[in-house]
Amino acid sequence: MLSIEHLSKDMGEFVLKDATLQVNDGEYMVIIGPTGAGKTILLETLAGIYPPDSGRMVLDGRDITDAPPRERRISMVYQDYMLFPHLTVAENIGFGLRNQKVAQPEIEQKVAEAAQFLSIDHLLHRYPETLSGGEQQRAAIARAVVMEPALLLLDEPLSALDGRTREKLRRELRRLHDAYGITVIHVTHNFEEVFSLADRVAVIRGGEIVQVGTPDEVFRKPNCEFVANFVGVENLFRGTCARKEGLSEVTIEGVKMVSTALADSEMVCVTIRPEEILISPQPIGSCARNQYSGMVQEIADHGVTVRVTVDCGVSLVVLITRQGYLEMGLAEGDAVFVAFKASSVQIF
Amino acid sequence: MLSIEHLSKDMGEFVLKDATLQVNDGEYMVIIGPTGAGKTILLETLAGIYPPDSGRMVLDGRDITDAPPRERRISMVYQDYMLFPHLTVAENIGFGLRNQKVAQPEIEQKVAEAAQFLSIDHLLHRYPETLSGGEQQRAAIARAVVMEPALLLLDEPLSALDGRTREKLRRELRRLHDAYGITVIHVTHNFEEVFSLADRVAVIRGGEIVQVGTPDEVFRKPNCEFVANFVGVENLFRGTCARKEGLSEVTIEGVKMVSTALADSEMVCVTIRPEEILISPQPIGSCARNQYSGMVQEIADHGVTVRVTVDCGVSLVVLITRQGYLEMGLAEGDAVFVAFKASSVQIF
Amino acid sequence: MRQPNLLKAVTVGVAACLTIFIIILLLLVVTHPSPAALLSSITSREIQFAVYLSIVTSVASTVICILIAVPSAYALARYDFFGKNAVNTIVDMPLALPPLVAGVALLLFFGTTPIGKGLAEAGLVFVFTPLGIVVAQVFVNFPFMLRIMRSTFESISPRYEYVAKTLGCTDVQALWQVTLPMATSGLIAGGVITWAKGIGEFGAALMLAGATRMKTETLPISLFLNMSCGELELAISAATILIVISVASLYVFERYGGSTSL
Amino acid sequence: MRQPNLLKAVTVGVAACLTIFIIILLLLVVTHPSPAALLSSITSREIQFAVYLSIVTSVASTVICILIAVPSAYALARYDFFGKNAVNTIVDMPLALPPLVAGVALLLFFGTTPIGKGLAEAGLVFVFTPLGIVVAQVFVNFPFMLRIMRSTFESISPRYEYVAKTLGCTDVQALWQVTLPMATSGLIAGGVITWAKGIGEFGAALMLAGATRMKTETLPISLFLNMSCGELELAISAATILIVISVASLYVFERYGGSTSL
């Protein structure tokens with residue numbers, strides 16, 4: 001288990017402020033945040049590249065705060081591979097084992113195994129520059145896992161790859177994690193990687209970790225306006241909140257919404273995820289507690305999905321599939337009905 | 001109207017091969033293609049930066065093939081703005097008018113109008129480096145449109161911007177086009193820009209224009225395997241085709257599908273867009289001609305949408321909303337039913 | 001326990017020793033004569049003449065270097081043409097060529113070829129004249145200007161010019177209105193280093209223009225002549241002036257050209 | 001009608017003229033003596049000695065430059081430390097300083113200071129000896145090596161070293177196993193240009209080591225001495241050898257260091 005305790009580091013342009021985080025054994029932790037949020041500096045401090053200004057890091061009960069990188073049992077994979085260009089793929093993968101003075105036959109065997117697992121065994125004698133981006137990243141991952149690290153750090157490992165390669169390698173990472181039960185911290189700004197990989201996700205902003213939880217918790221129940229905005233919550237309103245029958249009733253510009261969430265204060269922020277709102281030209285016969293009639297303001301066609309903005313006192317954005325959209329035959333100016341459950345209304 | 005006739009240009013790394021395209025007056029043409037497909041070289045040849053190796057360009061009846069750039073009435077906006085750093089925003093926007101020896105008061109008035117339209121009138125006395133990316137791109141667009149060009153070329157104008165700014169500026173482009181009826185060629189690799197902006201879309205590959213049509217035509221009826229793959233068609237199969245009752249019946253690994261499309265040859269490619277396939281744990285009571293039962297192979301959660309892969313003899317990818325997914329409570333290994341219309345099956 | 005960074009200590013130590021050694025050397029020269037002796041030497045007719053001749057020749061050679069190097073650098077940065085690689089290598093030649101050899105080559109050119117003799121008959125005498133000093137400085141130093149301007153032009157995207165051309169500029173106007181203003185700091189850095197090198201030029205000038213007191217006596221030649229005949233006060237004051245000029249130009253160069261490469 | 005590109009014609013024209021002028025100059029020197037005279041000069045004892053002394057001193061100075069410049073360049077490229085900007089500027093100083101002045105400064109250092117006298121008593125005499133030639137070459141030329149290695153190290157992401165350290169390397173091992181092998185072409189380019197400059201060094205060596213026939217007579221000194229006393233054949237053959245060396249080194253430099261900056 002890794003505990004990061006009140007870790008701070010000021011590098012001028014990038015900072016880490018009092019970051020505290022626990023990663024359990026075998027957990028796949030994804031850290032997500034905007035550019036410049038301090039994601040890379042966190043990983044590099046963990047790897048021991050810079051000494052922290054304050055705070056501690058404890059890995060499997062061992063305080064590694066002042067240990068040099070080579071004694072930490074932490075491996076790192078960068079976005080741009082960082083394969084040593086003067087070494088072959090096999091020499092790259094075996095680099096760490098050679099430093100540990102492992103016997104040559106054992107190195108060869110371990111390299112071959114890792115390469116086979118990542119389907120690059122046919123590339124072992126090539127030099128990195130002759131490989132595609134996806135192949136290079138596989139080699140970099142092999143070089144990291146062959147060390148059998150206690151913790152694997154991935155710094156936007158898929159960001160430099162194109163769509164298809166990225167998806168393939170994402171599956172490989174999942175498979176690698178499942179097969180070896182390796183503990184991973186994976187930094188990204190891509191939401192899809194959160195949903196397909198993360199056991200838990202941490203949101204980082206300006207060097208601070210602002211929320212940690214399962215992907216569902218973080219994306220459905222952001223705990224502050226920054227997270228809500230960052231994870232792309234479209235329907236974000238401010239209103240006043242009152243208790244009513246064990247539920248909360250929020251009033252936003254005269255429109256009342258019922259929520260199962262309970263607020264701490266009277267002034268609250270409210271979000272409803274666009275894909276959790278039902279829309280129909282006919283009144284909706286459903287048990288949803290929040291039902292409104294309104295008018296279609298704007299329709300934005302994104303290909304697979306269609307975003308419909310409905311004015312029902314407040315402007316609600318509703319996300320539907322293109323097929324649903326075509327079936328309903330919606331047009332701007334149409335009268336429509338929208339509905340969503342009390343449990344879909346997040347308050348913070 | 002712009003006619004590009006059999007335009008070829010070989011620049012070594014990038015080529016243009018016998019490109020032919022017509023853009024009508026006031027049309028918003030989006031050209032889409034993978035990196036290195038020759039998108040930029042096409043625009044730069046149109047702007048007169050390089051002479052073509054062969055072919056002609058005719059703009060509003062005038063053969064501009066050999067005209068120098070300054071006599072073409074074509075303006076250009078690049079991805080990375082290319083604002084002149086030693087000039088203020090106002091001087092940048094007025095740069096072209098000053099070259100045309102327009103009187104200073106008229107320059108000032110036109111610059112002010114363009115800046116106001118693009119909401120950068122408060123930035124006119126600043127230097128480009130002090131502006132955000134979105135503001136810089138607005139200034140670059142203003143600098144181009146203030147020339148009242150017969151044709152406006154946009155080279156991935158939104159690619160360098162972050163999500164929110166990109167969406168805002170996309171709306172601005174739409175508004176600009178609607179307000180001035182300007183003829184636009186917009187090059188991108190982003191599909192959302194196609195759907196939200198394009199009157200027509202052209203797909204370019206290796207310097208060749210492989211398909212032209214409305215976004216719906218191109219995305220629903222790709223005319224070749226490359227376009228199908230490129231626009232991200234997930235369900236792409238090869239099969240043999242036979243005529244039957246005015247419809248086509250395609251056999252793919254033993255599975256038969258009915259299509260309203262008619263094929264030219266016996267060996268065909270077939271696509272079905274994932275969002276046009278219905279999925280349900282119960283048999284689907286619908287008039288869809290193609291109905292199969294199968295088993296859920298894999299579920300990939302992308303946040304807003306969920307991709308379900310169903311094995312029903314062939315592997316079908318089905319795209320549903322997260323809400324629909326949660327309501328159905330699907331899990332890997334479940335038995336399900338899928339259905340899609342004959343008109344959803346594209347043949348080429 | 002946090003470990004001291006050995007590699008950093010050693011490498012920074014080497015750099016620091018080097019720096020201190022250079023500072024000591026410069027201070028040694030500057031503080032060698034008494035201030036009074038330095039002042040009287042600097043105000044002597046001979047040193048005054050050397051300063052005057054050095055400034056005139058180096059300014060002239062810098063201007064000529066700019067006029068030659070800017071177009072050449074632009075051609076090398078922007079255009080593809082037959083033999084470009086050869087041109088790129090050969091215009092760097094004077095960098096690797098000892099200045100003395102360059103001077104001998106210029107001497108042969110102006111002294112023995114029909115072109116040189118023609119120029120001399122037309123009144124342009126380069127051998128053993130101040131004109132020769134200018135030519136020697138130009139030939140030895142233009143590669144610095146050219147390399148700096150080439151890398152400056154290469155760092156400016158040609159798309160600025162493309163945009164300027166769609167906005168009504170001819171090729172020349174696009175260069176003049178857009179690229180050159182954007183290249184200002186490269187021009188300043190290149191000009192200053194070329195000028196400083198010109199003032200310090202010795203070997204090539206010695207061969208072509210000779211070392212004649214009060215005729216082709218620039219500051220380095222004066223330093224050489226006075227060292228040879230033991231006039232240490234005069235020699236050191238010439239050296240002091242040269243050090244001041246070098247320090248000042250290097251400061252300007254690092255300021256404007258820190259990012260450009262030589 | 002397609003218009004001719006005036007700007008391209010003019011700028012490429014200037015570059016081409018410059019190239020042709022340089023080639024003519026080099027050919028003038030090389031073809032000046034008859035092949036027989038050249039051969040007999042080159043095999044003369046004096047030129048043989050000059051070649052031998054030039055090669056020994058320049059190889060020694062290049063090795064010393066590498067030993068000084070590589071750690072300093074690494075410190076400047078990788079670490080932040082107090083006074084880094086000052087160090088960066090001052091180690092470029094010899095670039096702007098006329099070699100003659102550098103030579104005078106070294107002469108004062110080794111001839112008049114306690115350190116210099118101490119070294120002389122210990123048997124390390126630099127004034128008017130071949131050792132002085134080596135020191136003069138090192139002082140004038142290490143900035144080239146340093147600048148090339150600094151820009152080479154800067155072009156190699158420190159993340160390669162970070163990865164190497166997580167894979168079990170110490171700081172020194174990461175430098176030795178990863179960064180230095182990746183810097184090979186910079187090392188070759190820098191070594192070759194430093195060597196070529198060392199062979200051609202004249203001004204600083206003249207001041208510190210003097211021009212003594214058959215004692216401190218390197219090729220440039222030989223060229224100078226023989227030009228002074230009218231031995232044109234010997235002078236030109238020294239120049240010819242220097243040209244051959246320059247052309248060869250420039251070729252190697254452009255090959256390996258085309259992308260690195262001086």
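Below, chain A is the first sequence line, B the second, and so on; all start at residue 1.
- Evaluation of the side-chain hydrogen bond (donor to acceptor under 3.5 Å, both in side chains) test over residues 71-83 of chain C, restricted to residues two or more places apart or in two chains, returns C:Y74-C:E161, C:R78-C:E161.
- Taking both residues in full, the closest heavy atoms of C:M93 and D:L26 are given as CG-CD1, 3.8 Å, listed atom of the first, atom of the second, then distance.
- For D:F224, the parts lying near chain C are the backbone and the side chain together; criterion is any non-hydrogen pair under 4.5 Å.
- For C:I20, no part lies under 4.5 angstrom from a heavy atom of chain D.
- With chain D as the partner, the residue from C:A73, C:A75, C:P94, C:A102 showing the most heavy-atom pairs under 4.5 Å is C:A75.
- Using a 4.5 Å cut-off between heavy atoms, D:L27 makes no contact with chain C at all.
- Listed options D:V29, D:L108, D:L175 were ranked by heavy-atom pairs under 4.5 angstrom with chain C; first place goes to D:L108.
- The CE atom of C:M207 sits 5.5 Å away from atom CG of D:L223, with the distance rounded to the nearest 0.5 Å.
- Ranked by heavy-atom pairs under 4.5 Å with chain C, the list D:D92, D:L146, D:V10 is led by D:D92.
- Within the 4.5 angstrom heavy-atom criterion, no atom of D:T240 approaches chain C.
- Of the atoms belonging to D:I236, it is side-chain heavy atoms, and not backbone ones, that fall under 4.5 Å from chain C.
- In this structure, chain C has a heavy atom under 4.5 Å from the side chain of D:M227, while its backbone stays farther away.
- Your options are C:L100, C:V14, C:V247, and the one with the most heavy-atom pairs under 4.5 Å with chain D is C:L100.
- Ranked by non-hydrogen atom pairs under 4.5 Å with chain C, the options D:V70, D:I199, D:V87 are led by D:V87.
- No donor-acceptor pair closer than 3.5 Å links the side chain of C:T19 to the backbone N or O of D:I90.
- Residue-environment remark: CZ (D:F81) exceeds the threshold of 12 foreign heavy atoms within 6.0 Å.
- Counting heavy atoms from C-beta on, the side chains of D:F142 and C:L18 come closer than 4.5 Å.
- Counting heavy-atom pairs closer than 4.5 Å to chain C, the top residue among D:L206, D:I22, D:L219, D:V91 is D:I22.
- Residues C:L106 and D:L25 meet the side-chain proximity criterion, which asks for heavy atoms closer than 4.5 Å.
- Across all non-hydrogen atoms, the minimal contact from D:E254 to C:N88 is OE2-O, 4.3 Å.
- Heavy atoms closer than 4.5 Å to chain C are found in both the backbone and the side chain of D:L28.
- Taking both residues in full, the closest heavy atoms of D:S246 and C:L97 are given as OG-CA, 3.7 Å, listed atom of the first, atom of the second, then distance.
- In this pair, C:F109 and D:F21 present their aromatic rings perpendicular. The plane angle is above 60°, beyond the 30 to 60° band.
- When every heavy atom of D:T89 is checked against every heavy atom of C:L250, the shortest pair comes out as O-CD2, 3.1 Å.
- By the side-chain hydrogen bond (donor to acceptor under 3.5 Å, both in side chains) test, C:K197 is found to be paired with no residue, residues two or more places apart in sequence or in another chain being considered.
- The two residues C:V101 and D:I243 have their closest heavy-atom pair at CG1-CG1, 3.5 Å.
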